[in-house]
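Everything below concerns the one structure shown next.
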Amino acid sequence: MKNVLTVTALLVGTIASASVFAADSQPYNVKVFNLDNEAVVHVTQNGQPVNNVPVEVSGAGNIQTYKTSDTGNVFVRNHSNVANSLKISIQEPNGQSYTTERFLASYQ
């Protein structure tokens, strides 16, 4: 009887840890909205905002990395007086990357 309980406990522990690992490897849902000189990057996973996700933004000769807030957002602004095309990249938990380009108007 003791062996049956031990095996049952091991199986339950294995199933629980597998489901936690599976949840972490789910892909992100990434939405990028832009209006005039700014873009909002919104990252969710299973319908919930994801914080501390590195968001790499490159353009106009610069590369900057931001991290999503508790609400899953990063705000990117073009402070230049010239319009710029920005490349926005996010590394997915499953190893894939999400990349998009957005055209942001000039600051003025």
Side-chain angles (χ1 to χ4, degrees):
M1 183 68 162
K2 187 176 181 181
N3 288 341
V4 171
L5 290 176
T6 303
V7 169
T8 303
L10 286 172
L11 286 173
V12 169
T14 303
I15 291 169
S17 65
S19 65
V20 168
F21 178 74
D24 287 345
S25 65
Q26 292 293 316
Y28 292 144
N29 182 13
V30 180
K31 294 182 180 176
V32 181
F33 308 96
N34 59 311
L35 177 64
D36 296 330
N37 72 317
E38 63 183 21
V40 179
V41 180
H42 185 68
V43 181
T44 58
Q45 186 177 41
N46 297 324
Q48 299 298 315
V50 185
N51 66 337
N52 291 321
V53 174
V55 177
E56 185 178 279
V57 179
S58 60
N62 295 319
I63 297 176
Q64 292 184 307
T65 302
Y66 302 94
K67 291 208 177 205
T68 57
S69 66
D70 290 339
T71 59
N73 292 327
V74 166
F75 294 90
V76 180
R77 290 180 181 87
N78 179 11
H79 294 286
S80 171
N81 59 1
V82 177
N84 284 301
S85 181
L86 300 178
K87 182 172 137 182
I88 300 167
S89 301
I90 295 174
Q91 188 73 26
E92 298 269 356
N94 61 9
Q96 300 285 351
S97 63
Y98 171 88
T99 302
T100 187
E101 288 195 36
R102 289 294 191 267
F103 182 79
L104 300 183
S106 63
Y107 179 66
Q108 298 177 355

Output for pair (T100 OG1, I90 CD1), nearest 0.5 Å, gives 10.0 Å

Rounding to 0.5 Å, atoms CD (Q48) and OG1 (T71) come to a distance of 12.5 Å

* Answer yes or no: is there a donor N or O on one side and an acceptor on the other, between the side chain of T68 and the main chain of V50, under 3.5 Å? => yes

Would a distance-only check, ignoring hydrogens and angles, find a side-chain to backbone donor-acceptor pair under 3.5 Å from N51 to P49? no

Quick note, salt bridge (charged side-chain N to carboxylate O under 4.0 Å, His left out) partners involving residues 63-81, not counting sequence neighbours, are E38-R77

So for atom CZ, which belongs to F103, do other residues, nucleotides or ligands contribute more than 12 heavy atoms lying within a distance under 6.0 Å? yes

Nearest heavy-atom contact between N78 and L104 is ND2-O, 3.4 Å

Note: N46 and Q26 closest approach over all heavy atoms is OD1-CG, 3.9 Å

Output for pair (H42 NE2, Y28 OH), nearest 0.5 Å, gives 13.0 Å

Minimal heavy-atom distance between S58 and I63, with the atoms involved, is CB-CG1, 3.7 Å

NZ of K87 to CD of E56, rounded to nearest 0.5 Å, is 7.5 Å

- Donor-acceptor contact below 3.5 Å, side chain R102 vs main chain A39: no

Rounding to 0.5 Å, atoms CG (N62) and CG (N84) come to a distance of 9.0 Å

Heavy atoms of Q45 and P27 approach each other most closely as CG-O, 4.1 Å

Find out whether V76 and V55 are in side-chain contact, i.e. whether some heavy atom of one side chain is under 4.5 Å from a heavy atom of the other.
no

Could you give me the CA-CA distance, side-chain angles and deciding distance for V41 and Y98, then say whether side chain to side chain contact (heavy atoms under 4.5 Å, CB included) is met?
-> CA-CA 12 Å; V41 180; Y98 171 88; over 6 Å; no

OH of Y107 to OG of S80, rounded to nearest 0.5 Å, is 12.0 Å

